[in-house]
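Structure record follows, encoded as structure tokens.
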Amino acid sequence: MLRFSQPLITRPLIALLLLGSATVAFAEDPKPAPDGPVRAFTGRDLFSLEAASDPQISPDGRAIAYVRMSNDIMTDKARPTIWLVDVASGGQSPLVAGPGSHKSPRWSPDGKRLAYVSATDGAPQLHVLWMADGTSAKITGLPDSPGAIAWSPDGRSIAYTMTVPDTDTKLGSAPDKPEGAKWAEPLTVIDKVTYRADGAGYLKPGFDHVFVVAADGGAPRQLTFGKFNDNGPLSWSADSRTILFSANRNADWELHPLNSEIFSVDVASGGIRALTSRNGPDEGAQMSPDGTKIAYLGFDDKERSYENAVLYVMNANGGSPRALTASLDRSIDAVKWAGNGALIVSYDDHGVKRVARVGLDGKMTTLATGLAGDAFDRPYTDGEFSVSKGGTVAYTGGDALNPADVYVAGGKDGRRLTRLNAGLLEGKAMAQVRKLPVTAPDGRAIDAWLVTPPGLAQGAKAPLILEIHGGPFAAYGPSFSTDYQLYAAAGYAVLYTNPRGSTSYGAEFANLIDKKYPADDYGDLMASVDAAIAAGVADPDNLFVTGGSGGGVLTAWIVGKTQRFKAAATQKPVIDWSSFVLTSDGSNFYTPYWFAKKPWEDHEGYWARSPLSLVGNVKTPTLVVVGSEDYRTPVSESEQYYTALKLQGIPTALVKVPGASHGGIAARPSQSAAKASAILAWFEKYRSAPTP
């Protein structure tokens, strides 16, 4: 958000960091509650929202285990539990829903057992549930959380990844401590390129490796070793003798993070063999059920800001790789086999996530659209799916008025199995969302969406908030957003867009900002505001702007270039690209992918793209918001901007979200609601009487 996320090709490269009179039918208008009038959506409602994630359909296609995300108002935290939905009837029941956190359900090949990860106290552990009688057993006692759970085809073993601690680097030592003395903590010596990570803080020494444990319990066995990170997803061969994983096991992996390969490890001997060898990332390997072919995702590294992840298939021994989606011009983000002759994939297209069937001849057939994820605050493209042995697809879907529910593919819009928020949202006055056609100054079509306050009279104008997505290589779509609903409930219209650089429109559109961000995306955003005014909704004398991460960058850039906005709120921005590149947790990525040279080799180029270079032009009252534990766009970036604005005499305030990382700034409901409230309060200070 600068979804500046870590370099996984499932979100190609790094993600830092929408009228004619047509209305998109995202959902039906809300109806009054049976026992009273329509009520406003409020910050307290964030505690009552629920969302479905990680839908895992059983091998026979009759049931779906999924993670039901809800919020505990007493602890102010998300509470994941595992539920089971009957595909035929839609009836559901809890499977694992006691105290603690329960997630990652995975069916055994015969569908008689369900593995999952559960944490009630201490580190999360791997459990297995016998479906016939509901008996559950903890089968590991691990020091850290297991990830990438994968059953062996014979049902006897479960593979997973886990961090293995390494020794700290030592330089010298303190004198001997007298018995009973209380001395300071010993020195910490850091010698890694990436020594801290957003959401994890300062990293303890260690590396992720592949393990295997018997499905009925016993001592786990480590299969991979070395000073490399071995990553999931994991996939077994048909004979249960080898496991596929991805890793960057090159000597210079710290400085070249995208050069990963597909490896196989022999379960008996631990022998490792590389199956790919190109310069670029190869990840997400999935073995076909008959064990003859491997599907995976990757691309040739051209050192550009963005590349599409392409679906490939190769022989099980690594031979004869061929691309199946090279002509799609969209990035594949997940892949699963449907039998031995076809694959099911997901990808984003024009701000909407789709699921499609891909034949081995490359022919594609869309199976589902409108996937949605379990994040509430902003409408990023997201969503997950799984496939039964017979090819039935389960997925999480939603729209602008409904968070993610469980669906099965079929028909025009799929079949909805759950309605997790019906009780909460029925009778709520929800803001409506419609598509807004926008033409950029250079003639390009830009997708934009307009959120209108509930009850806005025909022909009336509303103050407008331009809200900008992060990434910048990411995309918004017609999905549910609590921020927008709260802004609209306060009387504001909200405009959100996918300017150039956004994903889901092809590599050429994304790379229009390659090595020059921020750039012409500013023109796209201003054209979107002009379109909202021309549509008769936005009050031109009451314009406001905000955005997070990459959207924070553009907010600070905008107020340095124009005074048309009454007030602004830049959230977790990058202000000086030189300081950012050298303090962010992704420092090994930004050069050469976002900048051709290092900061000391091109100081003028970095400075010309830094919002701090424009701070002398700023006249707009600008709020600065950041998480106190942000290691993606570090807190120092926001602090620099706040101080610069203060020294310039510009009305400003610095809001820190305690304990929040870059990716977790809206993770706790109270903080998400409070952050939206703070931004609204700032805008209200500078909102003028409406234009007649």
Side-chain angles (χ1 to χ4, degrees), residues 45-58 62-87 89-108 111 113-140 142 145-149 158 160 371-377 382-386 394-398 402-408 416-425 480 482 664 666-670 672:
D45 289 328
L46 272 61
F47 287 98
S48 301
L49 286 169
E50 296 187 305
S53 67
D54 200 6
Q56 297 294 315
I57 193 165
S58 61
R62 295 181 178 180
I64 300 168
Y66 76 96
V67 176
R68 184 167 174 168
M69 298 296 299
S70 57
N71 292 306
D72 187 337
I73 197 169
M74 300 307 294
T75 62
D76 193 21
K77 291 182 179 180
R79 179 180 57 203
T81 55
I82 300 173
W83 288 63
L84 188 71
V85 185
D86 180 76
V87 171
S89 68
Q92 62 172 323
S93 58
L95 278 180
V96 188
S101 170
H102 317 288
K103 57 186 180 179
S104 302
R106 295 296 182 268
W107 294 95
S108 64
R113 292 166 292 172
L114 189 78
Y116 63 95
V117 175
S118 185
T120 53
D121 52 15
Q125 301 297 331
L126 187 60
H127 294 68
V128 171
L129 175 68
W130 277 257
M131 301 300 294
D133 60 9
T135 301
S136 179
K138 183 173 73 172
I139 64 169
T140 61
L142 306 175
S145 178
I149 297 167
I158 300 174
Y160 60 91
L371 273 70
D374 61 359
F376 292 129
D377 61 327
D382 203 355
E384 301 165 287
F385 73 94
S386 63
Y395 64 96
T396 53
N402 293 279
D405 275 297
V406 178
Y407 285 72
V408 289
R416 185 176 177 181
L417 298 181
T418 66
R419 297 182 179 272
L420 300 182
N421 295 286
L424 170 67
L425 298 180
F480 186 82
T482 53
R668 305 191 75 166
S670 71
S672 182

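For A394 against I57, the heavy-atom pair with the smallest separation is CB-CB, 4.0 Å. Here the shortest heavy-atom pairing between W130 and R113 reads NE1-CD, 3.6 Å. Closest heavy-atom contact between A119 and P124: CB-CA, 3.7 Å. The minimum heavy-atom distance between A372 and A404, with the atom names listed, is O-CB, 3.6 Å. Minimum interatomic distance between A52 and V406 (heavy atoms only, all atoms of both residues): CB-CG2, 3.7 Å. Shortest non-hydrogen contact noted between Y160 and L126 is CD2-CD2, 4.4 Å.
Under the 3.5 Å distance criterion, the side-chain polar atoms of R668 are matched with a main-chain donor or acceptor of T75. Looking at T81, its side chain never comes within 3.5 Å of a backbone N or O of A97 through a donor-acceptor pair. Side chain of D377 to backbone of T482: no donor-acceptor contact under 3.5 angstrom is found. A donor-acceptor pair under 3.5 Å links the side-chain atoms of S386 to the main chain of P55, judged by distance alone. Of the possible donor and acceptor atoms, one in the side chain of S58 sits under 3.5 Å from a partner among the backbone N and O of A63. Judged by distance alone, with hydrogens and angles left aside, the side-chain atoms of D405 form a donor-acceptor pair with the main-chain N or O of L420 at under 3.5 Å. Looking at S104, its side chain never comes within 3.5 Å of a backbone N or O of V117 through a donor-acceptor pair. Using a distance-only test at 3.5 Å, with no hydrogens or angles considered, a donor-acceptor pair links the side chain of T396 to the main chain of E384. A distance-only check finds a donor-acceptor pair linking the side chain of D76 to the backbone of S670 [under 3.5 Å].
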Apply side chain to side chain contact (heavy atoms under 4.5 Å, CB included) to residues D54 and R106 and explain how you reach the verdict. CA-CA 10 Å; D54 200 6; R106 295 296 182 268; 3.0 Å; yes
Before giving the answer on side chain to side chain contact (heavy atoms under 4.5 Å, CB included), spell out for L84 and L114 the whole-Å C-alpha distance, their side-chain angles and the decisive distance to 0.1 Å. CA-CA 11 Å; L84 188 71; L114 189 78; over 6 Å; no
Set out, in order, the CA-CA distance, both residues' side-chain angles and the distance that settles side chain to side chain contact (heavy atoms under 4.5 Å, CB included) for V85 and Y66, then state yes or no. CA-CA 8 Å; V85 185; Y66 76 96; 3.3 Å; yes
Side chain to side chain contact (heavy atoms under 4.5 Å, CB included) for T120 and H102? Distances and angles first, verdict last. CA-CA 9 Å; T120 53; H102 317 288; 4.3 Å; yes
Check the pair Q125 / T140 against side-chain hydrogen bond (donor to acceptor under 3.5 Å, both in side chains), numbers first and verdict last. CA-CA 6 Å; Q125 301 297 331; T140 61; 3.0 Å; yes
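Below 30°, between 30° and 60°, or above 60°: for Y407 and Y395 the angle between ring planes is below 30°, a parallel geometry.
Here the straight-line distance linking atom CG of D86 with atom CZ of R62 works out to 9.5 Å at 0.5 Å rounding. Atoms CG and CZ, on L371 and F385 in that order, are 8.5 Å from each other to the nearest 0.5 Å. Distance check: R79 CZ to N71 CG gives 8.0 Å after rounding to the nearest 0.5 Å. Atom CH2 of W83 sits about 7.5 Å away from atom CD of E50, to the nearest 0.5 Å. Separation of atoms CD1 (I158) and NE2 (H127) is listed at 11.5 Å; rounding is to 0.5 Å.
Between L95 and M131 the shortest side-chain heavy-atom distance falls below 4.5 Å. At a threshold of 4.5 Å between non-hydrogen side-chain atoms, the residues D45 and L424 count as touching. Using a 4.5 Å cut-off on side-chain heavy atoms (C-beta onward), S136 and Y116 make contact. The closest side-chain heavy-atom distance from N402 to N421 is not below 4.5 Å. D374 is not listed as a side-chain neighbour of V67, based on a closest heavy-atom distance of 4.5 Å or more.
Crowding of R416 atom CZ: a count of heavy atoms from other residues, nucleotides or ligands under 6.0 Å exceeding 12.
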